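So the structure is just underneath, and the comments pick up after that.
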Amino acid sequence: MENIKSYLSKAVRQVISELYGSEAVPQSIDWQLTRKEFEGDLTLVVFPYTRYSKKSPEATGAEIGEKLLSEVISDFNVVKGFLNLKIADTQLLQDFNSLFSADSLVEKLEQPVGVMVEYSSPNTNKPLHLGHVRNCLLGWAVGNIQQAVGNRVTRVQIINDRGIHICKSMLAWQRFGNGETPESTGMKGDHLVGKYYVIFDQAYRKEIAELKDQGLSEEQAKDEAPLMVAAREMLKQWENGDAEVFQLWEMMNEWVYAGFNETYQRMGVSFDKNYYESDTYKLGKSLVDVGISKDIFQRDSDGSVWIDLTDIGLDRKLLLRRDGTSVYMTQDMGTAVQRFEDYDIDRLIYTVGNEQDYHFQVLFAILKKMGYQWADGLFHLSYGMVDLPSGKMKSREGNVVDADDLITAMELGAQEMTESLGKADGMEPTERTDLYRQIGLGALKYFILKVDPKKRMTFNPEESIDLQGNTGPFIQYTYARIQSLLRKAGEIKSLEISSEILHEERELIKQILRYSEVVHHAARENSPALIANYTFDLVKMYNGYYQNHSILRNDDASVTAWRLRLSSLVARIIRDALALLGIESPNKM
RNA sequence: GGUCCCGUAGCUCAGCUGGAUAGAGCAACUGACUUCUAAUCAGUAGGUCACAGGUUCGAAUCCUGUCGGGAUCACCA
C-alpha cells in the first residue's frame, strides 16, 4: 500500500501543480483509507485546494480525480470534499503477489540504528508480579518490533541486587531461616527470598508497635527498631566487603536468579546482557566532577551537589549527598554513559512504569545539558499501572498477583476450555500440554499488549482467560484453521490461479498490504498495541470470509488455488504479527 | 500547591500526524453446525466522546479553563 501511496502522492503533486500552480502543492499529502460506506480505497481530502482552484470542493475533486485515472487508479468518485479513488484490481493483485514472494513481510529501514531496550529490572528481594509481567511483555515486544523494521536490538535488564531491601531478606533469613534453602523446601528461590522479606516486615512492624507503646514517635520507632538498625549495619558491612555478609548475599541472589530465569523462560523473554546494580551503583560520581567543572552542577556549602533545572520547568535535584554518596539519579547517569560506551547504539529505551516519569524527564534533561549527542535518542517507554478489579495491587494487603501463579492459572484456564470443547482429543500428551501453554500465554500476552502502554489498565483474571472476541486465542484459532486448510489442500494446488476477486478479498488484500506500515508505525510509537489491533481486524475480516466462502469445496480449481494463496498469506501475517508480540501460533487447536 | 498522564456504549478497549453518519469485543437479545475446526459467523440494541469556552471549511483529536481518577515533586531505592 505504501508504494501506491507514494506513487499517488507524486501524481497528485503533479496534477495540483498543473491545475493550480506550484504554490498550491502541499508539503506532504496524507492519504486516508476510504470509509466502508463509500466506494473506493484511498481518499484525498480536497478542502485544502479549493482556495487555489476557486471552485467548489466537488468540482475540485472531480478535476483532480479525472487526471489521476491510470493503470493504478481505475475509478473515482467525489462526495462533498472527499475524492475517493479506487485502486485497480490488477495493481492490488500485483502488490499482493510481490509481497507473497518477498523474503520479509516487513520492509527494512534504509538506515537502521542500534537500539537498546531495557525491561524487567527487578529487585532481588521478592518474586516477579503482574507489574513486571506487563513490563517484560512490553519490552520484549518492542524489541521484536524494532528488530522487524531492521534495527539492531540489544535487550538488557538492570538487576537491583543491592541495597537495604536485600539486606532485610538476608537478615530475616539469618535470624529465622534455620538454614532453609530452595532445595530443602522445594520452593522457588525467588519465592523463598520473598518469604523472608515478608517475615522481616512483620517482625519489624511488631518492633515498631512495641517502641511506640514505650512512647516513641512513629518516625523514631521506625528508625530505631533493632531490626532496622541491624539491616543498616548489614548494608554497611556489605559495602565494606565483609566476607560473611557477601557470601550470604551471593547465595541468596543466586537463588533469586534461578527463580527469575524460570519465570522469564515461561514468559518467553530473555536478555542479551544483565547489568547489576552492585557493579553500577558507584558509576556517575566522576560525571559529577565534570558537571561541576562545566558549571552545570553546583556544590552547596554543606558539600552536597545539585543541578538546577528550574529554567526548563523542573526542580532542583540532588546528585550527591552531603556525605559524598550518590543517589539513584547519579547512578542512572553513569549507567547511561556506560551503555553508550559498551555498545554501538543510537537509542536507548527504558521500559519503566509511569511513576518514574519525572525521574526520566530529569535524567534526560541532565544528560542533554551535559552535551551528550545521544541524549536525544533516550526514550522512556512509560506504562500505566495494572489494577485488579478489586483495586490497586498492594503488597501490604497481600493482593499482589504473582507472575508464576498467573501463568499457571492461564495455562489451566486454557486447558479447561480446550478439554471442554474436545479440541485436543486426538493429541499426544506432550502436544497437549504444549498447546495449553501456547493458548494460556497467548491469552495473557494479548490481553496485556492490546492496550496502549501508557494507559492504566485493569487486569481481570477471568476476562483474560476468555478465549472469545478480541483475544489472543481468537487470533490463534484463525491461524490454526488456515493451517488445517493448507494441510487438507495438500495436492490439489493448481498452478492456475483465478484472477477474479470478490469484494471481501479486495478488503483482505488491502489489509494485508498495510501490515508493513503498521509495524513501522508501531516501531515509531513503541506501541505493540497497534500490531495487536491490526491483527485483530485482519482476523475478523478473514473469519467472515472463511465463513461465507468455501475455499476447498469449490468447482473451480483455480478459485480454490487463489483462495488458498490468499489464506496462506493471511496466516503468515498472523504468525509474524503474533511473534512480534511474543505469542506462538499453534498449528492445531 | 507545582508538574505530568488519563477520562469514548453497562464493562474492557480502538479511533494514525484534525476529516465524511464515533468503531470493536464482552455482557443482553435473534438467527446459522449431516458442509473446509461454531474457540466461528450474520444480525438487533446500546453514545451529550467528563464539562464549558476557543482555534477553522471541519474537533473525540489542537489550545484554555473547570470537574473527576492516578502518578510525582525525599540527602529512599
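Chain letters run A, B, ... following the sequence lines, proteins first, then strands; residues in each count from 1. Keep in mind it's a predicted model, so treat the numbers as computed, not measured.
- Here the P atom of nucleotide B:rC13 and the CZ atom of A:Arg134 are 9 Å apart, to the nearest Å.
- Nearest to the side-chain atoms of A:His165 among the listed nucleotides B:rA77, B:rC16, B:rA32 stands B:rA77.
- No side-chain heavy atom of A:Asp434 sits less than 4.5 Å from a side-chain heavy atom of A:Met427.
- Checked by distance alone, A:Ser484 brings no side-chain donor or acceptor within 3.5 Å of a matching partner on the base of B:rC36.
- Side-chain N/O atoms of A:Glu355 and base N/O atoms of B:rU72 include no donor-acceptor pair closer than 3.5 Å.
- The base of B:rA20 is paired with the side chain of A:Asn84 by a donor and an acceptor separated by under 3.5 Å.
- Counting heavy atoms from C-beta on, the side chains of A:Asp332 and A:His359 come closer than 4.5 Å.
- In this structure the side chain of A:Ser121 never reaches within 4.5 angstrom of the side chain of A:Tyr350, judged on heavy atoms.
- A:His359 comes within 4.0 angstrom of nothing in the nucleic acid, heavy atoms only.
- Here A:Phe536 does not count as stacked on B:rG25, because the ring centres are not under 5.5 angstrom apart with planes under 30°.
- Below the 3.5 angstrom threshold, one finds no donor paired with an acceptor across the side chain of A:Lys588 and the base of B:rU37.
- The nucleotide whose nearest atom lies closest to any side-chain atom of A:Ala480 is, among B:rC36, B:rU37, B:rG15, B:rU37.
- Base pairing annotation: B:rG53 forms a Watson-Crick or G-U wobble pair with B:rC63, both donor-acceptor distances under 3.5 Å.
- Mapped onto RNA chain B by nearest heavy atom, A:Pro48 and A:Gln468 fall at different nucleotides, with A:Pro48 at the one closer to the 5' end.
- For B:rA20, the base is stacked against the aromatic ring of A:Phe82, per a cut-off of 5.5 Å between centres and 30° between planes.
- A:Tyr358 and A:Asp315 form a side-chain donor-acceptor contact under 3.5 Å, judged by distance and modelled atom types alone.
- Between B:rA9 and B:rC5, the two C1' atoms lie 24 Å apart (nearest whole Å).
- Applying the 4.0 Å criterion to OP1 and OP2 of B:rA20, one finds that A:Arg35 has a side-chain N or O inside that range.
- Closest to the side chain of A:Lys80, out of B:rA39, B:rC16, B:rU21, is B:rU21.
- Nucleotide B:rA28: paired with B:rU44 (Watson-Crick or G-U wobble, both distances less than 3.5 Å).
- Between B:rG43 and B:rG69, the two C1' atoms lie 37 Å apart (nearest whole Å).
- Taking the side chain of A:Gln32 as heavy atoms from C-beta on, and the options B:rG19, B:rA39, B:rC75, the nearest nucleotide is B:rG19.
- The pair A:Glu507-A:Lys36 does not meet the salt-bridge criterion, since no charged nitrogen lies less than 4.0 angstrom from a carboxylate oxygen.
- Proximity of A:Asn543 to the phosphate of B:rU40: no side-chain N or O atom is located under 4.0 Å from OP1 or OP2.
- Nucleotide B:rC33 is matched to nothing when pairs are restricted to Watson-Crick or G-U wobble geometry with both distances under 3.5 angstrom.
- Remark: B:rU21 base-pairs with no nucleotide; criterion is Watson-Crick or G-U wobble with both hydrogen-bond distances under 3.5 Å.
- Pairing for B:rG68 is with B:rC6, a Watson-Crick or G-U wobble pair whose two hydrogen-bonding atom distances lie under 3.5 Å.
- Side-chain N/O atoms of A:Thr43 and base N/O atoms of B:rA20 include a donor-acceptor pair closer than 3.5 Å.
- Base orientation of B:rC11: anti (glycosidic angle beyond 90° from 0).
- A:His520 comes within 4.0 angstrom of no nucleic acid atom, judged by non-hydrogen atoms across all strands.
- At least one cation-pi condition fails for A:Arg514 and A:Tyr534: the charged atom is not both under 6.0 angstrom from the six-membered ring centre and inside a 45 degree cone around its axis.
- Residue A:Lys455 places at least one side-chain N or O closer than 4.0 Å to OP1 or OP2 of B:rG7.
- The same atom, C1', is picked in B:rC11 and in B:rG54; the two are 34 Å apart, to the nearest Å.
- Only the P atoms considered, B:rC49 is 22 Å distant from B:rG65, to the nearest whole Å.
- Taking the side chain of A:Phe47 as heavy atoms from C-beta on, and the options B:rA20, B:rG19, B:rA39, the nearest nucleotide is B:rG19.
- The phosphate of B:rC5 (OP1 or OP2) has no side-chain N or O of A:Lys454 nearer than 4.0 angstrom.
- Taking 3.5 Å as the limit, the base of B:rC75 and the side chain of A:Asp302 contain a donor-acceptor pair of atoms between them.
- In this structure B:rG1 sits in a base pair with B:rC73, meeting the Watson-Crick or G-U test at under 3.5 Å.
- For the pair A:Thr458 and A:Asp466, nearest-nucleotide mapping onto RNA chain B gives the more 5' position to A:Thr458.
- Straight-line distance between the P atoms of B:rA59 and B:rU21: roughly 10 Å, to the nearest whole Å.
- No salt bridge links A:Arg162 with A:Asp279; every basic N to acidic carboxylate O contact stays at or beyond 4.0 Å.
- For B:rC36, neither phosphate oxygen OP1 nor OP2 lies less than 4.0 angstrom from any side-chain nitrogen or oxygen of A:Ser550.
- At least one side-chain heavy atom of A:Leu486 sits less than 4.5 Å from a side-chain heavy atom of A:Leu564.
- The phosphate of B:rC76 has OP1 or OP2 within less than 4.0 Å of a side-chain N or O from A:Arg321.
- The phosphate of B:rU37 (OP1 or OP2) has a side-chain N or O of A:Lys488 nearer than 4.0 angstrom.
- For B:rG58, there is no paired base (Watson-Crick or G-U wobble, both distances below 3.5 Å).
- At least one side-chain nitrogen or oxygen of A:Tyr477 sits closer than 4.0 Å to the OP1 or OP2 atom of B:rA39.
- In this structure, A:Arg481 reaches the B:rA38 phosphate: one of its side-chain N or O atoms is under 4.0 Å from OP1 or OP2.
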